[in-house]
2 protein chains.
Amino acid sequence: MDTPEKILEAAEQLFADKGFGATSLRSVVAAAGVNVAAIHYHFGSKEGLIRAVFARRLGPINAARIELLDKYSAAAAPQPVPVEEIVEAFIRPAFAITSREAKQSVLARMFGRLHTEAGGTVHAILLEEIRELLVRFHTVLRQTLPELSETERVYRFSFVISAMAAVLMAPERIAMLSQGRVPVGNPEATISYLLRFCSAGLRAPASDRVSSDSVQVAGGEPANAGESTRA
Amino acid sequence: MDTPEKILEAAEQLFADKGFGATSLRSVVAAAGVNVAAIHYHFGSKEGLIRAVFARRLGPINAARIELLDKYSAAAAPQPVPVEEIVEAFIRPAFAITSREAKQSVLARMFGRLHTEAGGTVHAILLEEIRELLVRFHTVLRQTLPELSETERVYRFSFVISAMAAVLMAPERIAMLSQGRVPVGNPEATISYLLRFCSAGLRAPASDRVSSDSVQVAGGEPANAGESTRA
DNA sequence: GTCTATAAGGAGATAGAC
DNA sequence: GTCTATCTCCTTATAGAC
């Protein structure tokens, strides 16, 4: 393993454990067994390192998301994609990378942190990377749930992201919430719980009246075609 | 306004904006217009300050949560409390404190941060303060949703907490997710969206088979009506 | 109680020898 | 490419005058 890779591995682990802001470059080089100057030589700055760590992982995950969504889209056409499949296409790839390797949940926790660590550089990096992805998912969701106002649809999908991100970031928090009574760590079970909860939540009857609210989106389809109150 | 209070106000604002770890005591004293040494004189340390900031706010919110839950509990007796009311009892008090004063969402964002800023001191402080509250809510939830396994029930309530915390912490993230198309800031609408989504999610058909896991509780509806098995 | 001054150390980043 | 040494800045915390 060459020096840049050693640094990336160590940084990933530390970012997952302590967060981006709280991880010092000095702790990274100590964990990687390389020199202090190596990070700046290879990545330029701390922000450059964070960016590189993500670039290595976020791409494949988002590609898998799009691939799954395309698959479900094709299978459902010309009907809208079922809610469950939209949610699964978004959630599963984020967990998939976890169960493959021994490192377990390091990646998952780092990505969870990416969603919850607000403000500043990190948030900007995330947004840059997933903007296109979100447009894609919202487009599909709009067809599946036309009875929701644009606003409520966006809120609901943000709830899905939040629930997923939180459980990715700190699976052990679940155990804490239950005073240790509940086992933790089975990714397949977690995915299943998330799918049930989020799908039902997305499909809940609309809260907004569908009226003046629907916002026209450039390049998107007209929102709120038929108004059906479906559970 | 005396010095300790000035410090608490300024700290609250900064913690909400930048997070606990990223807020330096120097920025707090600068914002409060007091001296560097004042914090240590009045609160002993940074951790002492964090603790004091929460002690001032978390108590009343959790008291309001319990009060609401008791009210709904009494109104429903001897039936289980409806899911919507359990969720509302948990969510509304966290937003209520927001809309009262001009400070707007400072408090809300700080509490959101409290939920999402994982690890270390802050998490320990939170857990200490809300342990009793969680036991109470889970007890009520167990009666309302006896068809869920204990594990799935705990997961689902953690999703509720996550969704709420995320929107409390960064309401502007919603706007970002939607490329700025969606307006933000109406607390009552946000509560309404959360209630719909979370209630439906909690009430979704069980994913787990109810076997050895479920803790038996008296007085529930039949379990697992129309269940389509999905991984 | 409040201030100035300062201690003691960690942060990110860089220059220059090898 | 990798190292040592160092710069500059910022952090928490404290000592002691007023």
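Note that these values count all heavy atoms, side chains included, but never hydrogens, waters or copies made by symmetry. So that the names make sense, note that chain A is the first sequence line, chain B the second, and so on, each numbered from 1.
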Restricting to nitrogen or oxygen on both sides, can you table the protein-nucleotides 8-11 of chain D pairs closer than 3.5 Å?
{"residue": "D/dT11", "atom": "OP1", "partner": "B/S24", "partner atom": "OG", "Å": "3.2"}

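Note on ring orientation: taking the six-membered ring where Trp is involved, the planes of B/F15 and B/F20 are tilted (angle from 30° to 60°). Ring geometry, A/H138 versus A/F157: the interplanar angle exceeds 60°, so the pair is classed perpendicular (tilted spans 30 to 60°).
Put simply, OG1 on A/T139 and CZ on A/F137 are 10.5 Å apart, with the number rounded to the nearest 0.5 Å. A distance of 8.5 Å separates CZ in A/R57 from CG in A/L8, rounded to the nearest 0.5 Å. From A/S158, atom OG reaches atom OH of B/Y193 across 11.0 Å, with rounding to the nearest 0.5 Å.
As rounded to whole Å, 12 Å separates atom P of C/dG10 from atom NZ of A/K18. Going from atom CZ of A/F43 over to atom P of D/dT2 covers 11 Å, rounded to whole Å. Taking atom CG on B/D2 and atom C1' on C/dT2, their separation rounds to 13 Å, with Å as the unit. Per the geometry, NZ belonging to A/K6 stands 13 Å off P belonging to D/dG1, to the nearest Å. Rounded to whole Å, the distance from CD1 on A/I39 to C1' on C/dA11 is 12 Å.
Applying the 4.0 Å criterion to OP1 and OP2 of C/dT2, one finds that B/H42 has a side-chain N or O inside that range. The shortest distance between the side-chain N/O atoms of A/H40 and the OP1/OP2 oxygens of C/dA13 is below 4.0 Å. Phosphate proximity of C/dG1 to B/T3: absent, as no side-chain N or O sits under 4.0 Å from OP1 or OP2. Between A/N35 and D/dG1 there is no side-chain polar atom (N or O) within less than 4.0 angstrom of OP1 or OP2.
Side-chain contact check for B/S162 and A/S162: no donor-acceptor pair (N or O, by modelled atom type) lies under 3.5 Å.
If you check C/dT2, D/dG1, C/dT14 against the side chain of A/Y41, the one that comes closest is D/dG1.
In this structure, the side chain of A/R153 engages the main chain of A/L148 through a donor-acceptor pair within 3.5 Å.
Using a 4.0 Å heavy-atom criterion, one finds that A/A37 contacts the bases of the nucleic acid, with or without backbone contacts as well.
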